[in-house]
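Working notes, beginning with the structure itself.
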Amino acid sequence: MMKYTGRIIMMLIYIVVTAAFKTFDYIELGYVPIFEYIISAIMVYPVWWTGLQYDKAKYYAQEAQKKDKELNDLFNNVDAAIYSFDFGSKRLMVSSKISDVYGYSPIEFKENKEFWKKVVFPEDMKIVNKLEQELIKGEECKAEYRILLPNGQLKWIQKRITPISDLDGNLIKINGIDIDINQRKKVEELLTRSQEQNRQLLEKRLEESEQRFKSLFVHNSDPIFTFDLDRKFIEANPAAENILGYTSTELQQKEWASIIAPEDQDLYSEHFKRASQGEWQESTLSMIHKDGSNRVIELKMIPIIIDRQCIGIYQITKDITDSILAEERIRRSDKLAAVGLLAAGVAHEIRNPLTTLKGYIQLLATDIDKNYADILLSEIDRINLIVSEFLILSKPQAIKYESQDIKLILNNITSILEPQARLNRIQIISEYDSNIPFINCEQNQLKQVFINLIKNAIEAMPNGGEIIVKAKKVNNQMVIIQISDEGIGIEEERIPKLGEPFYTTKEHGTGLGLMVCFRIIEQHGGTINISSQLNKGTSVDVCLPIDC
């Protein structure tokens, strides 16, 4: 609040002076002239105004001093180095906090205007140079860099400078503030290091996850295929190349639908549609191998879910063709076992009456028509033959295997059947490799097998032709005897059932002949494979191990 001191003093002086002049005039003149009162009245305002100006000057001086004190307190109490430089007067003002930030006294900065650049860490001078360039352009600038403290340690500071220009755009003053951000930088460094460690840990876990997936996918013994939702093949693991014979590159260039057997296309499509909707699917269907053969495949479809959305399908496959064939062999073996049990119980019971019947028919042959007797004896012999085959199917007896020349066995059989073949206008041709070794076998049983097979070939050729009997060695492990005819052939769908009990392609056959052949060859550790084409002929391959 402005005081009245100046005005009061001026008025008191004016009153004293005016009273003195009036007293003097009264002594000299005996009265006070009227114009003096007028002048005194007029002079009151100038005297009052002069006192007022004194009071104002004193008041403003006090206020300015007060503001300077407040500004100086603010200047020095802010926890940062504040400075101001006037380009006209070359005057630099710095706060006392500059010593806390830089470690040097304010005097050093005032005496040397470039001192602040001398403490900049050399590697960060490019930052300071860029800051000066921005300042010259009259732009407000900010930078973070390191300085060297008197003890040689490094400290991070943040510098902010605001330029002040005149109306012509000339730089006349700058105001700035330097803040100690060393602790913040340390925290940031710790955070950065922590984030880097977290990132490395995450990358490591992702890598481990990828390696686990790769191990599960690539090294899985089960073939795995990956598809998108458009049924387009994406990739497959190495095991997948074995199940179908195609490489991943070949599969990418091939329509997947062409690999599915035609009869299973609808089933596959339905299951793929359900798997695309997020449902696991399992099915058994046929796929076409690269070599053209059909493979029975057990298929699992697993949806690939990411962010609760199906983006593709895993197809895990398993070739169960061999398992099905093994089951078929077991089923056939069970049938053989059942027939064997039946044979063991029935064969002996039938043979005794047959012997009696045959003896009486021979005694009565002179009393009945010869043709009738021959028919009866023929049918009894046929029954006896069937019973003999029954006995072979019963419990296996102890068989003595001996090393035999398979070529000699085949020659004996062809010699026996040659007359019957000629009667049917059939020529038996033998083709044997010269290096066929001896094999361990029971020769009478093998003779029965080859007699049965060649007789079947003869019966399948009503119009004559050639039967070719070949024998060759394969890989020093197997001997293959192939019997090929030019007969009427067998329908393809009937071939898998050949060798089953009582299944035959002949009008009057029993199906036991081939079943016996299969049983004997199995006991020798071998296999029988039959292939045929209608009206072109049949080929039977008997595979026997060299050392059974």
Side-chain angles (χ1 to χ4, degrees), residues 67-87 90-165 171-212 307:
K67 292 295 182 183
D68 285 343
K69 186 177 183 303
E70 290 176 356
L71 181 61
N72 190 56
D73 291 343
L74 177 64
F75 212 56
N76 292 313
N77 289 328
V78 174
D79 194 17
I82 300 175
Y83 49 89
S84 178
F85 181 73
D86 191 319
F87 286 92
K90 304 297 182 181
R91 184 186 174 203
L92 175 65
M93 292 180 60
V94 295
S95 67
S96 60
K97 291 292 183 179
I98 199 166
S99 59
D100 295 336
V101 175
Y102 283 86
Y104 297 92
S105 68
I107 297 175
E108 292 180 89
F109 288 91
K110 289 180 180 181
E111 291 178 350
N112 185 356
K113 307 300 186 296
E114 298 293 321
F115 184 76
W116 69 276
K117 288 200 291 187
K118 292 184 178 181
V119 298
V120 176
F121 186 54
E123 291 183 9
D124 293 346
M125 274 304 298
K126 56 183 180 294
I127 301 174
V128 173
N129 293 334
K130 183 179 178 182
L131 182 142
E132 285 187 316
Q133 291 173 4
E134 293 176 353
L135 190 60
I136 292 172
K137 294 177 184 178
E139 299 176 359
E140 187 172 348
C141 47
K142 181 175 75 171
E144 293 179 359
Y145 57 89
R146 289 166 292 177
I147 62 172
L148 282 166
L149 298 176
N151 60 8
Q153 293 182 350
L154 291 176
K155 178 188 279 189
W156 280 93
I157 68 166
Q158 182 187 83
K159 182 181 287 294
R160 296 180 185 179
I161 301 178
T162 302
I164 299 174
S165 304
L171 188 63
I172 61 173
K173 190 176 182 180
I174 60 170
N175 295 324
I177 181 170
D178 292 350
I179 303 173
D180 182 349
I181 59 170
N182 205 51
Q183 291 300 321
R184 193 197 79 188
K185 282 292 184 179
K186 288 182 179 179
V187 172
E188 287 178 355
E189 184 180 354
L190 289 174
L191 288 174
T192 302
R193 189 180 304 168
S194 177
Q195 289 173 352
E196 179 65 18
Q197 291 175 345
N198 290 337
R199 184 187 63 79
Q200 292 177 354
L201 180 61
L202 181 60
E203 287 180 353
K204 183 178 180 182
R205 288 180 178 175
L206 286 173
E207 184 179 353
E208 290 176 353
S209 179
E210 288 176 359
Q211 289 176 353
R212 289 193 190 99
D307 294 333

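Remember, predicted model here, so these are calculated numbers, not experimental data. Here, residue 1 is the first one in the sequence, and each next residue gets the next number.
- For the residue pair Leu135 and Leu171, the shortest heavy atom distance occurs at O-CD2, 4.3 Å.
- One distance of note links CZ of Phe85 with CD1 of Ile161; it measures 12.0 Å at 0.5 Å rounding.
- From Ser95, atom OG reaches atom CD1 of Ile177 across 8.0 Å, with rounding to the nearest 0.5 Å.
- Checked options Glu196, Gln197, Lys204; the residue passing with Gln200 is Glu196 (criterion: side chain to side chain donor-acceptor pair (under 3.5 Å)).
- In terms of heavy-atom proximity, Val101 sits nearest to Asp178 at CG2-O, 4.1 Å.
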>> Show, in sequence, the C-alpha distance, side-chain angles and deciding distance for Asp86 and Lys173, and conclude whether the salt bridge (charged side-chain N to carboxylate O under 4.0 Å, His left out) test is met.
In response: CA-CA 5 Å; Asp86 191 319; Lys173 190 176 182 180; 5.5 Å; no
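- By the 6.0 Å contact criterion, NZ on Lys113 is enclosed, its count of non-hydrogen atoms from other residues, nucleotides or ligands being greater than 12.
- Of all heavy-atom pairs spanning Glu134 and Cys141, the tightest one is OE1-CB, 3.2 Å.
- Distance CD1/Ile107 to CG/Asn112: 13.5 Å, rounded to 0.5 Å.
- Using modelled atom types, no side-chain atom of Glu132 and backbone atom of Asn129 make a donor-acceptor pair closer than 3.5 Å.
- Residue Ser105 comes nearest to Ser99 through the heavy atom pair CA-CB, 4.3 Å, listed as atom of the first residue, atom of the second, then distance.
- Rounding to the nearest 0.5 Å places CD of Gln133 at 9.0 Å from NZ of Lys130.
- Applying the ring-ring contact (aromatic ring centres under 6.0 Å, His included) rule to pairs touching residues 115-161 yields Tyr104-Phe115, Phe109-Phe115, sequence neighbours excluded.
- Note on residues 142-155: pairs passing salt bridge (charged side-chain N to carboxylate O under 4.0 Å, His left out), not counting sequence neighbours, are Glu123-Arg146, Asp124-Arg146, Glu144-Arg184, Glu144-Lys185, Lys155-Asp180.
- Rounded to the nearest 0.5 Å, atoms CD (Gln158) and CG (Asn182) are 13.0 Å apart.
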>> Quick one, Phe87 with Ile172, criterion side chain to side chain contact (heavy atoms under 4.5 Å, CB included). Give me CA distance, side-chain angles, the key distance, then yes/no.
In response: CA-CA 5 Å; Phe87 286 92; Ile172 61 173; 5.5 Å; no
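- In this structure the side chain of Leu154 reaches within 4.5 angstrom of the side chain of Leu148, judged on heavy atoms.
- Scanning all heavy atoms of the two residues, the minimum distance from Leu149 to Tyr102 falls at CD2-O, 3.5 Å.
- Nearest heavy atoms, Gly138 versus Pro163: O-CG, 3.5 Å.
- Here Ile147 contributes atom CD1 and Lys159 contributes atom NZ; the two are 9.0 Å apart, rounded to the nearest 0.5 Å.
- Within a 6.0 Å radius of CG in Asp307, other residues, nucleotides and ligands contribute 12 heavy atoms or fewer.
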